[in-house]
Amino acid sequence: MLDVAVIDLPAAAEASLDPLRQRILAALVTPASAAALAPLVGLTRQKVNYHLRTLEEHGLVHLVEERKRGNMTERVMQASAASYVISPAALSALAPDPNRFPDQLSARWLVSLAARIVREVGELISGATAAGKPLASYAIDSEITFANAADRAAFAGELGEAVNSLVAKYHDGNADRGRKHRLVVALHPSLTIPPTASSETEK
C-alpha cells in the first residue's frame, strides 16, 4: 500500500468522491472482505461488493487474496493507498494555469503553483513507477514566527536573493545530458488551530 496516491482521471476522481466509497477506502487500510466491511460501513454485503467493483475498476482497491467459503469465493481487498490526492489533471480544462497571471504576492497564484506541483509530480510518480525507477525529489517544510510585517518582507527579500544566487551557481543551460528541475518556494501564514476543550481545561 502506498502512503499517498494521486488520482488524475476524472472517472476515478468521481468514484473516490462518493461518501460511502470514501468510508470503504478508509476501512480498507487493512485488508477485508465485503462481508467484513458491511457492518463497518452500514451496508449489505451485496452493496459493498458493488462499490468494491467500482473502486477496483479505477485502481483504488486491489485484490489481496481469494478464500473459499463453502460454495463461495471470498475476495479480500485492500485500498491502493492510505490517502489520496485528486490532481488538477482530473479537472481537464478547469485546471489552474500559473502561467496565466504570475504574481508573487497573489495567494491564488500560490494555489495555482501548488496545483501544478500535484499534477506534475503525480505524472512523474506514475512514470517512475512504470519504469521501476526512483523519482528524485526534495522538499522543505518549516514554520517561522515573524515579529512584524517588516521582518517578513525582509526575510522574503533575502530568501529570493539566496535562491537566485544558488540558481545562478548551479544552472547550466548548455549541459547536453542535463535535466531541468522545477523549484518552487512558498511562504504563507500558518493555519490558526483553535485550542481543544481538553487543552483549555488543562490550562
Report the distance from atom [atom1] of [X] to atom [atom2] of [Y], rounding to the nearest 0.5 Å.
{"X": "L55", "Y": "L28", "atom1": "CG", "atom2": "CG", "answer": "8.0 Å"}
{"X": "L25", "Y": "S16", "atom1": "CG", "atom2": "OG", "answer": "7.5 Å"}
{"X": "R116", "Y": "S87", "atom1": "CZ", "atom2": "OG", "answer": "13.0 Å"}
{"X": "L187", "Y": "L105", "atom1": "CG", "atom2": "CG", "answer": "10.5 Å"}
{"X": "L60", "Y": "I7", "atom1": "CG", "atom2": "CD1", "answer": "5.0 Å"}
{"X": "R108", "Y": "L113", "atom1": "CZ", "atom2": "CG", "answer": "14.5 Å"}

(request) Test side chain to side chain contact (heavy atoms under 4.5 Å, CB included) on V185 and L159 and set out the steps. (result) CA-CA 9 Å; V185 179; L159 179 63; 3.5 Å; yes
Applying side chain to side chain contact (heavy atoms under 4.5 Å, CB included), name anything that partners [X], two or more places apart in sequence or on another chain.
{"X": "E57", "answer": "none"}
{"X": "E66", "answer": "L63, T73, R75"}
{"X": "P10", "answer": "none"}
{"X": "N148", "answer": "A150, D151"}

(message) Using only atom types and a distance under 3.5 Å, with no angle test, would you say the side chain of S106 pairs donor to acceptor with the backbone of P102?
(response) no
(message) Donor-acceptor check, side chain of S165 to backbone of E161, threshold 3.5 angstrom: yes or no?
(response) no
Is there a path of hydrophobic side-chain contacts, each under 4.5 Å between heavy atoms of I, L, V, M, F, W or Y residues, that connects [X] with [Y]?
{"X": "I117", "Y": "W109", "answer": "yes"}
{"X": "V61", "Y": "L20", "answer": "yes"}
{"X": "M72", "Y": "V64", "answer": "no"}
{"X": "V184", "Y": "L124", "answer": "yes"}

(request) Write out all pairs satisfying salt bridge (charged side-chain N to carboxylate O under 4.0 Å, His left out) with one or both partners inside residues 92-104, taking only residues at least two apart or from two chains. (result) none
(request) Give every residue pair that meets the salt bridge (charged side-chain N to carboxylate O under 4.0 Å, His left out) criterion with at least one member in residues 179-191, sequence neighbours excluded. (result) E120-R182
(message) Ignoring hydrogens, what is the shortest heavy-atom contact between A95 and P88? Give both atom names and the distance.
(response) CB-O, 3.2 Å
(message) Strictly by ring-ring contact (aromatic ring centres under 6.0 Å, His included), give each pair with a member in residues 139-159 just once, sequence neighbours left out.
(response) F146-F155
[X]: partners by side chain to side chain donor-acceptor pair (under 3.5 Å), with sequence neighbours left out:
{"X": "E143", "value": "S190"}
{"X": "E65", "value": "R67"}
{"X": "S80", "value": "Y84"}

Atom [atom1] of residue position [X] - does it have more than 12 heavy atoms of other residues, nucleotides or ligands inside 6.0 Å?
{"X": "H62", "atom1": "NE2", "answer": "yes"}
{"X": "E14", "atom1": "CD", "answer": "no"}
{"X": "N99", "atom1": "CG", "answer": "yes"}

(request) Assess whether side chain to side chain contact (heavy atoms under 4.5 Å, CB included) is satisfied between M1 and V29, documenting all intermediate values. (result) CA-CA 8 Å; M1 172 186 280; V29 170; 4.3 Å; yes
(request) Could you identify which residues cluster with L94, counting Ile, Leu, Val, Met, Phe, Trp and Tyr as linked when any side-chain heavy atoms lie under 4.5 Å apart, either directly or through a chain of such contacts? (result) L91
(request) Sort and list the pairs that fulfil side chain to side chain donor-acceptor pair (under 3.5 Å) and have at least one residue in residues 19-46, not counting sequence neighbours. (result) R21-H51, S33-E74
(request) May I have the step-by-step check of side chain to side chain contact (heavy atoms under 4.5 Å, CB included) for L37 and L52, ending in yes or no? (result) CA-CA 10 Å; L37 284 170; L52 285 175; 4.2 Å; yes
(request) Run the numbers on L110 and H188 for side chain to side chain contact (heavy atoms under 4.5 Å, CB included), then give the verdict. (result) CA-CA 9 Å; L110 174 55; H188 63 80; 4.0 Å; yes
